[in-house]
Amino acid sequence: MNTTYHTIYNNIKRFTTQHISLPSPWERGIVRTMCALGLGLWLPSSAQTLSLPQCLAIASEHNLTLKQTDLQVARARTLQGTAWDVDKTELALSQDPTSGGSPDNALAVSQTIEFPTVYAARHGQLKAETKAEESQRNVTAQQIRADITAAYYQLVYDRERVHILASQDSLLARYADLAGKRYKAGETRQLEVLTATRLLRENRMELAAAESDLKAGQHSLAALIGIDATISPADTRLTTLAYQPREYVYAATAEGELAYNRLVVADKAVKVAKNGYAPSLSVALKNQLVITGWDPYHENRSRYSGGNFMGFEVGIGVPLFFGATKAKVKAAQQDREIAELAMHQQQIARQKDYDAALSRYTAAFNRLQYYDGQGAASAAEIVRLGTIEYENGEISYIEYVNAMQEFVDTRMKRAAAISDYNQAVVALQRINGDI
């Protein structure tokens, strides 16, 4: 881009110098303006202002993890077609060179199939696995929505921090300038200048760190959504989320549904394993076929005058050894027990997570109530009294700055309290499945 800009600049400068002869400062200003306007016509803008619903809507279309879960559900649904996997059909040609019209000279078609209950059991298992994949997709989608919501409100908080520190920067810059002038005039000591400079530098370091957090949050939110852009939240103010805690019910959550569906899959697997005791079926159709040209023993291999023989064969395969099937059934039952224990363990863990999240929510709510009530009133009163006393000459400028810093510190703590409260709400919504 820099090469393109300088090329356009040099060409326009050469033209204006030869034909218009503008003064140098005007020339540079006009050229830069023309280049900026020209480049602005074709340079893409990567900055987007999005609301939370817009972020969630875009993520539903562009998030790669969601696309992967959709493919996994589609794959599981496709695998349902493998339930009716019948063995290959066998085509056999037999020839007995010592006989002519015997059934030993025939073309046979045979097919072996499992007992029908085996295919039905497999179809039930694959259907249950598809349902479990759909539940897994719901869990993943809920987690992504919660992550995007948390990242969005964190971004709003980071921007609020930048605004607060930027407003304090202007105040401290004025104070440092005034302290420097007073020191040169002999009205104050060097200590006040050093203090003012230190406060200004510390605030600017915090401002730089806040701006860095803001940029990192923008990249994080863009990655969750699945787009390459610098995202600015549409919410211009840091506000609290409306939420009323409710009782936690594990079975009503997406994770509870997933655990239950996995248990159903384990039950279906036991049913499939038990079908290993079922017999198999076979059927064969034979049609006499004598290759008269193949006669190595010089026998009469001509067919009977009555025509070709037709025949069939039906068989049943009875399992006589049950050791392997018994072991498969036992292993499937153990898998079912493992799935049930995992479900109970997750239920206990999620209940503890909910209790901890509810405790954090309560603490954040109480802290927010203080800064919205008594804390905000006290800070406003400090600023009011400090302004009056400074204007009346009752306090020095440094005391006035300290009062303003205390007010800014209260604003920062209130913003942090709102952010903590919002994140606690998102955590509860994540666990309860309300998001």
Side-chain angles (χ1 to χ4, degrees), residues 51-80 124-154 220-221 223-226 241-269 335-362 364 421-435:
S51 63
L52 178 59
Q54 288 175 326
C55 292
L56 296 175
I58 295 174
S60 64
E61 297 293 334
H62 294 84
N63 185 274
L64 297 180
T65 303
L66 289 179
K67 290 183 178 181
Q68 181 180 352
T69 57
D70 289 337
L71 288 176
Q72 289 173 343
V73 172
R75 175 181 176 274
R77 191 173 289 113
T78 301
L79 285 176
Q80 291 183 25
Q125 182 185 10
L126 292 171
K127 193 174 181 179
E129 289 178 355
T130 302
K131 186 105 177 144
E133 286 292 345
E134 292 174 349
S135 298
Q136 180 63 64
R137 178 184 60 185
N138 294 336
V139 171
T140 303
Q142 184 185 83
Q143 291 174 347
I144 291 175
R145 289 196 300 268
D147 290 339
I148 291 175
T149 303
Y152 180 87
Y153 286 112
Q154 179 65 36
S220 176
L221 182 58
L224 289 172
I225 295 175
L241 297 176
Y243 185 74
Q244 182 63 38
R246 62 178 179 85
E247 184 181 359
Y248 175 69
V249 181
Y250 174 75
T253 64
E255 288 184 327
E257 181 184 357
L258 174 59
Y260 172 76
N261 287 333
R262 285 176 175 171
L263 198 61
V264 172
V265 171
D267 289 332
K268 298 295 183 181
D335 287 339
R336 201 265 182 198
E337 293 176 1
I338 293 173
E340 186 175 11
L341 289 175
M343 181 179 68
H344 291 322
Q345 183 180 12
Q346 187 183 60
Q347 182 177 2
I348 295 173
R350 290 296 175 268
Q351 183 65 53
K352 292 182 179 179
D353 292 342
Y354 174 80
D355 295 339
L358 184 61
S359 178
R360 289 195 298 270
Y361 168 84
T362 303
Y421 171 81
N422 288 342
Q423 295 298 332
V425 169
V426 173
L428 286 175
Q429 291 177 331
R430 183 198 299 265
I431 297 174
N432 277 328
D434 297 332
I435 199 166

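Note that the structure is a prediction, hence the values are computed from the model and not measured. By convention here, the first residue in the shown sequence is residue 1.
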Considering all heavy atoms, the nearest [X]-[Y] contact:
X: A150; Y: Q423; answer: O-NE2, 3.0 Å
X: A357; Y: L428; answer: CB-CD2, 3.6 Å
X: V265; Y: A132; answer: CG2-CB, 4.1 Å
X: H62; Y: G226; answer: CB-O, 3.6 Å
X: T130; Y: A76; answer: OG1-O, 3.1 Å

State, yes or no, whether a side-chain contact exists between [X] and [Y] at a heavy-atom distance under 4.5 Å.
X: T253; Y: R350; value: no
X: R77; Y: E134; value: yes
X: T69; Y: Q72; value: yes
X: Y243; Y: D434; value: yes
X: V73; Y: Q136; value: no
X: N138; Y: L258; value: no
X: E129; Y: L79; value: no
X: Y152; Y: L56; value: no

Between [atom1] of [X] and [atom2] of [Y], what distance do you get to the nearest 0.5 Å?
X: Q125; Y: D267; atom1: CD; atom2: CG; answer: 11.0 Å
X: Y260; Y: K131; atom1: OH; atom2: NZ; answer: 9.5 Å
X: D353; Y: Q346; atom1: CG; atom2: CD; answer: 9.5 Å
X: E133; Y: R75; atom1: CD; atom2: CZ; answer: 8.0 Å
X: D70; Y: T65; atom1: CG; atom2: OG1; answer: 11.0 Å
X: Q345; Y: I348; atom1: CD; atom2: CD1; answer: 7.5 Å

Donor-acceptor contact below 3.5 Å, side chain [X] vs main chain [Y]:
X: Y421; Y: L241; answer: yes
X: R145; Y: I435; answer: yes
X: N261; Y: A128; answer: no
X: R246; Y: N432; answer: yes
X: T362; Y: L358; answer: yes

request  = For the residue pair Y248 and Y354, categorise the inter-ring angle as parallel (less than 30°), tilted (30 to 60°) or perpendicular (more than 60°).
outcome  = parallel
inquiry  = With side-chain contact (heavy atoms from CB on, under 4.5 Å) as the criterion, how do R430 and D147 come out once you've worked through the C-alpha distance, each side chain's angles and the decisive distance to 0.1 Å?
reply    = CA-CA 9 Å; R430 183 198 299 265; D147 290 339; 3.0 Å; yes
request  = Report the C-alpha distance between R336 and E340 in whole Å, list the side-chain angles of each, state the deciding distance to 0.1 Å, and finish with yes or no for salt bridge (charged side-chain N to carboxylate O under 4.0 Å, His left out).
outcome  = CA-CA 6 Å; R336 201 265 182 198; E340 186 175 11; 2.8 Å; yes
task = Give a yes or no on whether Q54 atom CD has more than 12 heavy-atom contacts from other residues, nucleotides or ligands under 6.0 Å away.
result = yes
ask   = Between the side chains of Q351 and D355, does any donor sit under 3.5 Å from an acceptor?
value = yes
Residue pairs fulfilling salt bridge (charged side-chain N to carboxylate O under 4.0 Å, His left out) with at least one residue in residues 54-69, sequence neighbours excluded = none
